[in-house]
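Notes follow the structure.
Order of the sequence lines sets the chain letters (A, B, ...), proteins ahead of strands, with each chain counted from 1.
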Amino acid sequence: MQLRVQEATVDVAPGVSCAEALKQGLSGKKFKSAIACRVAGNGDGGVMLDLSAPVPDTAEELEPVMADSPEGLNIIRHSAAHIMATAVRRLFPGVKVTIGPAIENGFYYDFDYERPFTPEDLERIEEEMRKVVSENQPFSREVVSKDEAVKRFQAMGESYKIEIMDDLGGDVFSIYTNGDFVDLCRGPHLPSTGALHAFKLTHVAGAYWRGDEKRQMLQRVYGTAFADDKALKAHLKRLEEAAKRDHRKLGVQLDLFSFHEEAGPGMPLWHPKGMLIRTILEDFERKEHLRRGYNIVQGPIILRRELWERSGHYDNYRENMYFTEIDEQAYGIKPMNCLSHMLIYKTRVRSYRDLPIRMFELGMVHRHEKSGVLHGLLRVRSFTQDDAHIICRPDQLQDEITGVIRFVQDIMGLFGFEYELELSTRPEKSIGSDEDWERATEALENSLRNVGLPYDINEGDGAFYGPKIDIKLKDALERRWQCATIQCDFTLPERFDLYYVGEDGERHRPVMVHRVVLGAIERFIGVLIEHYAGALPTWLSPVQARILTVTEAQNEFAAKARDFLRAKGFRVEADLRNEKLGYKVREAQLEKIQFILVVGDKEVEAGGVNIRLRTGDNLGLQSLDETAARILADCEEPFKRGGMRYSFNYSGQV
RNA sequence: GCCAGCGUAGCUCAGUUGGUAGAGCAGCUGAUUCGUAAUCAGCAGGCCAGGAGUUCGAGUCUCCUCGCUGGCUCCA
């Protein structure tokens with residue numbers, strides 16, 4: 001039999017182990033870091049082979065899997081999980097293992113043990129793992145009948161593995177052995193434990209068995225592993241850097257917002273600079289909604305409880321709502337803005353000619369989120385949605401959804417965000433006819449296709465009243481946060497008896513689309529801060545420029561220059577303190593101010609300023625007019641960049 | 001809500017085996033008038049998250065509550 005490893009051709013005997021085949025292939029020196037191999041060209045695009053398994057006779061070509069490829073990293077990390085389980089079983093007799101997959105940037109394994117693991121345990125486990133690695137135990141694969149597998153796991157007391165097999169179904173299972181540890185596993189793995197070169201355990205956490213909060217809480221141990229030490233160190237360094245971009249840290253440093261135990265958890269308070277960012281963003285949004293044919297409306301923060309009963313929110317989300325009572329009347333503090341919008345719709349009879357009606361509200365809502373989920377600005381209890389409800393005819397649904405997706409596309413492009421789209425379909429608990437669901441899901445999917453954006457399908461993850469599209473952004477640590485969402489709703493128009501008069505003179509039921517673009521302003525600003533590491537684009541910066549004097553002799557001119565720029569609408573401060581220039585520069589730099597304008601005797605004489613950017617670049621002496629032109633150009637730059645569907649003309653001036 | 005960890009001055013942190021609270025930065029006062037990331041000196045600043053307990057004595061040990069952090073679950 002002949003095996004080809006990329007350019008290298010190796011002759012191996014039939015039935016030789018894959019590890020041996022790879023070793024021979026590698027002697028061609030083409031794939032120094034290959035850790036596994038794959039059979040290519042066998043019809044279904046190739047299968048991963050375990051290195052310890054014999055090469056099947058059908059094999060023609062072997063493709064190397066490089067250690068630093070996504071596939072290779074998965075193999076390394078999943079093998080690391082097995083090695084961790086091996087170590088844990090040695091250290092903690094009586095522990096039961098459950099599942100241990102590779103995940104983004106690492107791996108974990110869930111254990112059932114009599115007590116939680118401590119950070120000290122983590123160190124011991126890591127140490128024991130190093131021993132397992134140094135023992136260089138080969139991973140070997142066997143395919144056995146279910147009866148045989150059950151017998152073996154029963155003997156080891158591994159009841160979870162049996163439950164997994166029952167859930168998976170099937171008659172035969174592959175099991176992997178290294179040393180005395182046997183695990184139910186699909187594979188593949190490294191050839192042996194000694195091939196794991198760089199790993200680190202990071203933290204322990206509780207996790208429910210099968211992700212079900214009613215079931216056993218297990219101990220999850222997280223770790224990370226890479227092809228080599230250099231890559232591992234680089235990853236840990238990245239995490240350190242990411243921590244510096246944490247919006248909670250920057251929020252304090254830049255004096256944007258705060259939380260108070262006295263005010264209540266999840267209730268942000270906006271300081272002047274943070275509120276200025278919000279104001280600019282909100283102004284921008286109002287303009288963008290108006291130009292897209294939305295109407296701006298506003299409803300009250302509290303509405304009578306009966307209304308929430310009618311909408312179904314009282315039944316479904318009572319636990320997460322705040323209530324109050326006034327004059328013996330029960331009120332609910334709104335967790336959503338749609339009810340007011342529907343009441344506005346109902347104030348008159350609407351014709352088919354009036355639709356679609358798009359109502360936009362920067363609506364402050366309150367949701368009593370579970371205490372454990374709160375996270376800085378990214379998950380709060382009091383927040384403002386850039387919410388809109390589109391009430392339209394069924395035949396308009398598709399175009400309306402497409403319009404919203406394009407809107408989202410524009411905004412995300414403006415900020416240079418990468419985002420993920422998910423289409424969520426009908427959940428088990430839901431209301432509405434099959435026909436409605438199909439039509440709406442199809443409208444959402446068609447729109448996604450029309451716009452040509454890639455998306456994932458999240459089966460059964462829709463809201464109970466309709467399917468939806470979610471747009472997710474990443475924070476500094478690459479955790480995903482839902483921002484924009486587009487949801488179809490057949491229920492509320494029904495419950496509130498919304499109708500329009502059609503061409504035929506009859507009453508018809510409209511469809512309602514709930515949608516947010518930024519999502520919650522709070523969350524969006526949190527993600528923005530992390531995205532830009534606090535250095536916001538000039539149009540959004542609370543302070544666009546600061547004028548620094550070298551000595552007090554220039555204070556008069558500096559104040560004039562400040563007033564000149566302010567009169568043009570820019571947000572400018574003057575630092576007239578009796579401090580050294582270097583000190584003032586440092587402060588401005590730490591505050592991430594884009595334009596640092598230095599004024600000394602030379603500049604006063606020339607009637608200009610010396611421009612230093614936050615990048616450290618020095619643009620030299622510039623006139624005040626030239627300075628104003630530069631600030632403006634900087635404001636408009638993101639709007640002019642490619643990829644935008646509309647040309648904005650917005651400098652963020654307040 | 002669940003599991004674990006943490007909570008000392010506005011911020012970042014130190015605080016020996018339990019013996020009565022400390023630094024840097026920020027703030028205030030004064031001096032200094034200075035050219036692109038920290039001028040010097042002085043002053044002030046704390047119910048050690050809150051409560052209960054153990055102890056002659058608790059920032060240090062135990063329990064409860066609150067809050068924060070990392071996960072899990074949830075997210076209309």
For the side chain of [X], starting at C-beta, report the closest nucleotide among [options].
| X | options | answer |
| --- | --- | --- |
| Lys370(A) | G1(B), G71(B), G35(B) | G1(B) |
| Thr551(A) | G1(B), C75(B), C34(B) | C34(B) |
| Val598(A) | A37(B), G35(B), G70(B) | G35(B) |
| Met217(A) | U36(B), G71(B), C34(B) | G71(B) |
| Pro116(A) | A4(B), A76(B), U33(B) | A4(B) |
| Gln219(A) | C75(B), A37(B), C3(B) | C3(B) |
| Glu213(A) | G35(B), U36(B), U73(B) | U73(B) |
| Tyr317(A) | C74(B), A76(B), G70(B) | A76(B) |
| Val585(A) | A76(B), A37(B), C34(B) | A37(B) |
| Lys602(A) | U73(B), G35(B), G71(B) | G35(B) |

Rounded to whole angstrom, note down the [atom1] distance from [N] over to [M].
| N | M | atom1 | answer |
| --- | --- | --- | --- |
| U69(B) | G30(B) | P | 41 Å |
| G15(B) | A23(B) | P | 15 Å |
| U17(B) | C61(B) | P | 11 Å |
| U65(B) | G57(B) | P | 26 Å |
| C13(B) | A76(B) | C1' | 43 Å |
| U16(B) | U60(B) | C1' | 11 Å |
| G10(B) | C48(B) | P | 12 Å |
| G18(B) | U55(B) | P | 16 Å |

From [atom1] of [X] over to [atom2] of [N], roughly how many Å is that when rounded to an integer?
| X | N | atom1 | atom2 | answer |
| --- | --- | --- | --- | --- |
| Lys214(A) | C72(B) | NZ | P | 18 Å |
| Trp209(A) | G71(B) | CH2 | C1' | 18 Å |
| Glu261(A) | G51(B) | CD | P | 13 Å |
| Phe111(A) | C3(B) | CZ | C1' | 16 Å |
| Ile99(A) | C72(B) | CD1 | P | 12 Å |

Which atoms form the tightest heavy-atom contact between Phe323(A) and Arg318(A), and what is the distance?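 Here Phe323(A) and Arg318(A) meet closest at CE1-O, 3.7 Å.
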Give a yes/no on whether any side-chain N or O of [X] is located under 4.0 angstrom from OP1 or OP2 of [N].
| X | N | answer |
| --- | --- | --- |
| Tyr583(A) | A26(B) | yes |
| Arg479(A) | G71(B) | yes |
| Arg381(A) | C75(B) | no |
| Arg248(A) | G70(B) | yes |
| His375(A) | G70(B) | yes |
| Lys580(A) | U36(B) | no |

Spell out yes or no: do the side chain of [X] and the base of [N] have one donor N/O and one acceptor N/O closer than 3.5 Å?
| X | N | value |
| --- | --- | --- |
| Tyr208(A) | G71(B) | no |
| Asn578(A) | C34(B) | yes |
| Glu603(A) | G35(B) | yes |

Counting Watson-Crick and G-U wobble pairs only, both distances under 3.5 Å, name the nucleotide matched with [N], or none.
| N | result |
| --- | --- |
| U60(B) | none |
| C28(B) | G42(B) |
| U55(B) | none |
| G22(B) | C13(B) |
| U36(B) | none |

Touch class at under 4.0 angstrom, heavy-atom based, for [X] against every strand present:
| X | value |
| --- | --- |
| Gln487(A) | sugar-phosphate |
| His313(A) | base |
| Lys249(A) | nothing |
| Tyr222(A) | sugar-phosphate |
| Gly211(A) | sugar-phosphate |
| Gly600(A) | base |
| Arg367(A) | base |
| Asn618(A) | base |
| Leu218(A) | nothing |
| Ala207(A) | sugar-phosphate |
| Tyr465(A) | sugar-phosphate |
| Arg220(A) | sugar-phosphate |
| Pro265(A) | sugar-phosphate |
| Gln589(A) | base |

Taking C-beta and beyond as the side chain, do [X] and [Y] meet within less than 4.5 Å on heavy atoms?
| X | Y | result |
| --- | --- | --- |
| Tyr532(A) | Lys592(A) | no |
| Arg381(A) | His368(A) | yes |
| Arg115(A) | Gln219(A) | no |

RNA chain B: Arg379(A) or Gly264(A), which has the more 5' nearest nucleotide?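 Looking at the nearest nucleotide for each, Gly264(A) comes out on the 5' side.
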Which class fits the ring pair His313(A) and Trp308(A): parallel under 30°, tilted 30 to 60°, perpendicular over 60°?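 Plane angle over 60°, so perpendicular.
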Give the ring-plane orientation class for Tyr222(A) versus His203(A), where under 30° counts as parallel, over 60° as perpendicular and anything between as tilted.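 Rings of Tyr222(A) and His203(A): parallel, as their planes differ by under 30°.
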Tyr160(A) and its ring pair (Phe, Tyr, Trp, His ring centres under 6.0 Å) partner, picked from Trp209(A), Tyr109(A), Phe111(A):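 Only one option passes, and that is Trp209(A).
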Are Tyr345(A) and Phe496(A) an aromatic pair by the rule of ring centers under 6.0 Å?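 No, the ring centres sit 6.0 Å or more apart.
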With no hydrogens and no angle check, do the side chains of Gln554(A) and Asp601(A) hold a donor and an acceptor under 3.5 Å apart?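 Result is yes, a qualifying pair exists.
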For the residue pair Arg220(A) and Tyr108(A), would you count it as a cation-pi contact if the rule is NZ or CZ under 6.0 angstrom from the ring centre and within 45 degrees of the ring axis?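 Yes, a cation-pi geometry holds between Arg220(A) and Tyr108(A).
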